[in-house]
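Taking it in order: structure first as structure tokens, then the write-up.
We're numbering straight along the sequence, starting at 1. Since we're looking at a predicted model, the values are computed, not measured.
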Amino acid sequence: MNIIIITGGSKGIGKALAEKYAQENYRVYSLSRSIVDLENVVQLSVDLSDTKATHNTFKMLLDEIQKLEVSSITLMNNAGRLGTIANLENIPSEDIAKSIHLNTTTPLILSSLFIEATQQLMCKKQIISISSGAAVKPYEGWSIYCTSKAAIDMMTKTIAAEQNELEHGVKCNAIYPGVVDTNMQTDIRSTNEKDFKNVQRFIDLKENDQLYTPEYVAETIFTIDTQNKLQNGDIVDIRNFDND
């Protein structure tokens, strides 16, 4: 049985990923606050910005999975938030903390629990995190988001280095999905230019029909994953796979 656990599987890229893997006969679990209409997906409602609830829900799920015959298992760290778009000095402390927790702390906690729980499994084990070009390109107004995604990239590299030493280690990768037509993009385009100087670029991408659909991103990630195109620790932009 091929298993994938996706955070934030109720909308956007996460929902498209859940639908794609389910169509390909994976046993799909989604961890998100909302329960939505998804066929053949086991949905667990949890606030991923709540450490205790996240830990307990994920631990319970991993305990259940360990009773199954597993031929591959993947953790997809997808859930995230952009937070307030503004220069750092204009972002409330609580909003900073919430974004860093959801975007960085939660993936670290889930990855830790995932690695611990799957140590005895000899099958394909991997963590794929949805990162962003914002990890390497600073955008004024996105200081928290850029910082959190840079942390995800370093988490990926560090886990890969640690697991590389082990005989049945967990493969760890991060993927930049490009600019995708999701609710996050709607929020970005409605931002005042004084808070986000690059807003016109994102408006133009939408108007020129240059945004990826979540479905396209999910198809591409599925291909990259199942065709084993990545080495442990690789961080890739799906735009580099357009012509593959």
- Can you list the residues that meet the salt bridge (charged side-chain N to carboxylate O under 4.0 Å, His left out) rule with Arg27, with sequence neighbours excluded? none
- Note on the structure: In this structure, CD1 of Ile100 is separated from OG1 of Thr106 (nearest 0.5 Å) by 11.0 Å
- Task: Please lay out, stage by stage, how Ile128 and Ile175 fare under the test side chain to side chain contact (heavy atoms under 4.5 Å, CB included).
- Result: CA-CA 7 Å; Ile128 299 175; Ile175 295 178; 3.8 Å; yes
- Note on the structure: Contacts satisfying ring-ring contact (aromatic ring centres under 6.0 Å, His included) that involve residues 19-72 (not counting sequence neighbours) are Tyr21-Tyr26, Tyr21-Phe222
- Message: Donor-acceptor pair, distance only, cut-off 3.5 Å: does the side chain of Asn40 make one with the backbone of Ala22?
- Response: no
- Heavy atoms from other residues, nucleotides or ligands near CD of Gln66 exceed 12 (cutoff 6.0 Å): yes
- Restricting to pairs with a member in residues 161-174, which pass side-chain hydrogen bond (donor to acceptor under 3.5 Å, both in side chains), not counting sequence neighbours? Asn164-Asn232
- Query: Taking C-beta and beyond as the side chain, do Lys15 and Leu38 meet within less than 4.5 Å on heavy atoms?
  - Reply: yes
- Considering only heavy atoms from C-beta outward, does the side chain of Lys124 approach that of Asp225 to under 4.5 Å? yes
- Compare every heavy atom of Gly8 with every heavy atom of Ala79, then report the nearest pair and how far apart it is. CB-N, 3.7 Å
- Message: Side chains of Lys59 and Asp63, heavy atoms from C-beta outward: is any pair under 4.5 Å?
- Response: yes
- Query: Counting N and O atoms only, with roles assigned by atom type, does the side chain of Asp234 sit under 3.5 Å from a partner on the main chain of Leu230, one being a donor and the other an acceptor?
  - Reply: no
- Message: If I take atom CG from residue Asp204 and atom CZ from residue Arg189, how far apart are they, to the nearest 0.5 angstrom?
- Response: 11.0 Å
- If we only count heavy atoms from C-beta on, is the Ile127 to Met76 side-chain gap below 4.5 Å? no
- Are the side chain of Thr191 and the backbone of Ile188 linked by a donor-acceptor contact shorter than 3.5 Å? yes
- Query: What residues, two or more places apart in sequence or in another chain, satisfy salt bridge (charged side-chain N to carboxylate O under 4.0 Å, His left out) together with Glu24?
  - Reply: Lys20
- Query: Can you find a pair of side-chain heavy atoms, one from Ile65 and one from Ile3, that are under 4.5 Å apart?
  - Reply: yes
- Query: Atom CD of Glu39 and atom CD of Glu19: how far apart are they, to the nearest 0.5 Å?
  - Reply: 9.0 Å
- Message: Just verifying a value: how many Å separate Leu102 CG and Asn77 CG, rounded to the nearest 0.5 Å?
- Response: 10.5 Å
- Taking the side chain as every heavy atom from C-beta outward, state whether Thr118 and Val170 have any atom pair closer than 4.5 Å. yes
- Set of residues satisfying side chain to side chain donor-acceptor pair (under 3.5 Å) with respect to Thr74, sequence neighbours excluded: Gln126
- Query: Between Thr54 (side chain) and Asp47 (backbone), is there a donor-acceptor pair under 3.5 Å?
  - Reply: yes
- Message: In the structure I gave you, are the side-chain heavy atoms of Thr223 and Thr220 within less than 4.5 Å of one another anywhere?
- Response: no
Let me have the donor-acceptor pairs involving side chains of residues 87-98, under 3.5 Å, with sequence neighbours excluded, atom names and distances please.
from	atom 1	to	atom 2	distance (Å)
Asp95	OD1	Arg81	NH1	3.3
Asp95	OD1	Arg81	NH2	3.3
Asp95	OD2	Thr84	N	2.8
Asp95	OD2	Thr84	OG1	3.1

- Kindly write out the residues that satisfy salt bridge (charged side-chain N to carboxylate O under 4.0 Å, His left out) with Asp50, not counting sequence neighbours, or none if the list is empty. none
- Can any side-chain N or O of Thr213 pair as donor or acceptor with the backbone N or O of Tyr216 at less than 3.5 Å? yes
List, one per line, each side-chain donor-acceptor pair under 3.5 Å for residues 148-155, sequence neighbours excluded.
from	atom 1	to	atom 2	distance (Å)
Ser148	OG	Asn103	ND2	3.1
Ser148	OG	Ile144	O	3.3
Ser148	OG	Tyr145	O	2.8
Lys149	NZ	Ile130	O	2.8
Asp153	OD1	Ser131	OG	2.7
Asp153	OD2	Tyr176	OH	2.5

- Item | Glu64: partners by salt bridge (charged side-chain N to carboxylate O under 4.0 Å, His left out), with sequence neighbours left out | Lys67
- Determine yes or no for a side-chain-to-main-chain donor-acceptor pair under 3.5 angstrom, with Ser71 supplying the side chain and Met1 the backbone. yes
- Note on the structure: Test side chain to side chain contact (heavy atoms under 4.5 Å, CB included), reference Leu62, set Thr57, Leu75, Leu110, Ile5, output is Ile5
- Go through the structure and list residues passing side-chain contact (heavy atoms from CB on, under 4.5 Å) with Ser10, not counting sequence neighbours. Ser32, Ser34, Val36
- Task: With the side chain counted from C-beta on, respond yes when Ile6 and Val28 share a heavy-atom pair under 4.5 Å apart, and no when they do not.
- Result: yes
- Item | Ser72: side chain to side chain donor-acceptor pair (under 3.5 Å) partners, not counting sequence neighbours | Asn2
Would you list the atom pairs, donor with acceptor, under 3.5 Å between side chains in residues 135-142 and any protein atom, with sequence neighbours excluded?
from	atom 1	to	atom 2	distance (Å)
Tyr139	OH	Arg201	NH1	3.1
Glu140	OE1	Lys197	NZ	3.2

